[in-house]
Number of protein chains: 2
Amino acid sequence: MSYFYPMYEIFQQYLDDKISLSSEEASSIRESSIIKKIRKRQYLLQEGDVWRYDAFIAKGCLRTYSIDEAGSEHIIGFGIENWWIGDRESLLSGQPSRFNIDAVEDSEVVLFAHTNFEKLCVAIPAFGQLINQILQRSFIASQNRIQAALSYTAEEKYRAFLEKYSAFANRLPQSMIASYLGITPETLSRIRKNASRKP
Amino acid sequence: MSYFYPMYEIFQQYLDDKISLSSEEASSIRESSIIKKIRKRQYLLQEGDVWRYDAFIAKGCLRTYSIDEAGSEHIIGFGIENWWIGDRESLLSGQPSRFNIDAVEDSEVVLFAHTNFEKLCVAIPAFGQLINQILQRSFIASQNRIQAALSYTAEEKYRAFLEKYSAFANRLPQSMIASYLGITPETLSRIRKNASRKP
DNA sequence: GAAATAACTTGACATACATCAAGACGAAAT
DNA sequence: ATTTCGTCTTGATGTATGTCAAGTTATTTC
């Protein structure tokens, strides 16, 4: 009631933009939330742990990635302000996660224990619907990414990435973008060089 | 009450396996359903049309694919008995679909108008939860497919496909499997030849 | 059941991209 | 300012997979 959560306000704003809530509903959501600061390179989730949360990024940038047998990282996805992040597979199955999530820059997330979160979704239908819509959109986005991964050339993948995620482009090291696109940093470097010649 | 829908029984069985419904609930679902037969090569959805349904495959095999500027097909996904199929992007956005869905073999689907379907999901929470769970699983599956598409070799992709979708392997022409994996039919042919030598 | 059509195989060749290795640049640390 | 470290760039070379083309084997179709 009297604590000042600057980061929560960002989440509140996000909610207000999408749905309208009674003040009781709004505060029951707030009461379930936990604000968590994550320094650059710090983990939000480490491979082997079970993910039992729902997490909204209020500030910063995080990545989800796996590490293969050879020890190299494969970036599965990114998130910035106003995105949700987490491992649905671990959440749904209760199994240890195959993924790592860490901060690309100093970040703050609004975290919910998933059990509470589910109760909120049921108790507040508009909220549940919003969350469901996000899941739908995520699915659609991943379908599109599959298509890109399978049928685009490296250059087309990068162009599509810039088009869709220009907000990310400046905040991520190129090597991470390359990994996300499934190409090597060298190839991405050459693509960028060419692109600057023939724009 | 007195109509005999052999195909509906398959859907009923599917439901009974997953959730328990009162007989009123069961019949309200049944009353919204439409059985549709689709001959091999016939469309369930054609590019440019809006998809406004939820469709359960009771029998047969269907595929979702797009056609690129060059005119070649890219297979996005398959479905067989007990799978759901459709275009969520078009459903959610109300925009014309970029995809085609057609039958790989003579098939029958249980079709719901999406507006009715949504009402059922709200009115019958267990049903809504089931549907939501399917969406979650689809999302997880597509995340895994992204990873495969980005980091696996052609041979690894095919092995993973066999492992996960052995039920499909015999029912699909190789050229479709190749397209699904994002490789050429020639490459798949060579992979299979090698695999038979060193199993 | 013959003819027509489609699906698969195989080979020769081309190429996009990966890999390996060295160097250049910039940001942070001392 | 100099060193250090990580990130990006550039070149030389290798390889998996694509492309083109021809031949073979299955499946439809009439």
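Worth saying up front: this structure is predicted, and the values here are computed from it rather than measured.
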From CD of A/E155 across to P of C/dC17 the rounded distance in Å is 9 Å
Whole-Å distance, B/L172 CG to C/dA6 C1', equals 16 Å
Between the CH2 atom in B/W84 and the CZ atom in B/F112, the distance rounded to the nearest 0.5 Å is 5.5 Å
Taken to the nearest whole Å, CG/A/N170 to P/D/dC8 is 13 Å
Item to check | A/F117 and A/F127 aromatic ring geometry - parallel, tilted or perpendicular at 30°/60° bounds | outcome: perpendicular
A/R63 meets the side-chain contact (heavy atoms from CB on, under 4.5 Å) criterion, sequence neighbours left out, with A/R41, A/Y65, A/E73, A/I75, A/F78, A/D102, A/V104, A/M176
Residues joined to A/I140 in its hydrophobic cluster, side chain to side chain under 4.5 Å directly or through other members, sorted by chain and number, are B/L92
Taken to the nearest whole Å, CG/B/L181 to P/D/dA16 is 18 Å
Donor-acceptor pairs are to be reported for all side-chain atoms of residues 42-53 of chain B against protein atoms at under 3.5 Å, with residues two or more places apart or in another chain.
residue, atom, partner, partner atom, Å
B/Q42, OE1, B/R39, N, 2.9
B/W51, NE1, B/Y53, O, 2.9

So side chain to side chain donor-acceptor pair (under 3.5 Å) across residues 108-132 of chain B, not counting sequence neighbours, yields B/D54-B/H114
Q) Using a cut-off of 4.0 Å on non-hydrogen atoms, how would the nucleic acid contact of A/K157 be classed: base, sugar-phosphate, or nothing? A) nothing
Tabulated below should be each protein N or O lying under 3.5 Å from an N or O of nucleotides 9-16 of chain C; please produce it.
residue, atom, partner, partner atom, Å
C/dT9, OP2, B/Q174, NE2, 2.9
C/dT9, OP2, B/S189, OG, 2.8
C/dT9, O5', B/S189, OG, 3.3
C/dG11, N7, B/R190, NH1, 2.9

Taking five pairs at each terminus, the helix from C/dG1-D/dC30 to C/dT30-D/dA1 shows an axis bend, to 10°, of 50°
Rounded to the nearest 0.5 Å, the CZ atom of B/R137 sits from the OG atom of B/S142 at a distance of 14.0 Å
Can you tabulate the close N/O pairs, meaning under 3.5 Å, that link protein atoms to atoms of nucleotides 4-6 of chain D?
none

Here the residues of residues 59-76 of chain A within 4.0 Å heavy-atom distance, strictly under, of DNA chain C are none
Quick note, salt bridge (charged side-chain N to carboxylate O under 4.0 Å, His left out) partners involving residues 17-29 of chain A, not counting sequence neighbours, are none
Report task. Scan A/T184 against the nucleic acid and name what it touches under 4.0 Å (heavy atoms): base, sugar-phosphate only, or nothing. Result -> base
Between B/I183 and B/K40, the residue closer to the 5' end of DNA chain D by nearest nucleotide is B/I183
Query - Donor-acceptor under 3.5 Å (A/S189 side chain, A/T187 main chain) - result: no
Indicate whether the side chain of A/Y152 and that of A/R159 have a donor and an acceptor atom separated by less than 3.5 Å.
no
Applied to residues 75-101 of chain B, the salt bridge (charged side-chain N to carboxylate O under 4.0 Å, His left out) test, sequence neighbours excluded, yields B/E81-B/R171, B/E89-B/R98
Residues at least two apart in sequence or cross-chain that pass ring-ring contact (aromatic ring centres under 6.0 Å, His included) with A/F139, listed by chain then number, are none
Residues joined to B/F99 in its hydrophobic cluster, side chain to side chain under 4.5 Å directly or through other members, sorted by chain and number, are B/I76
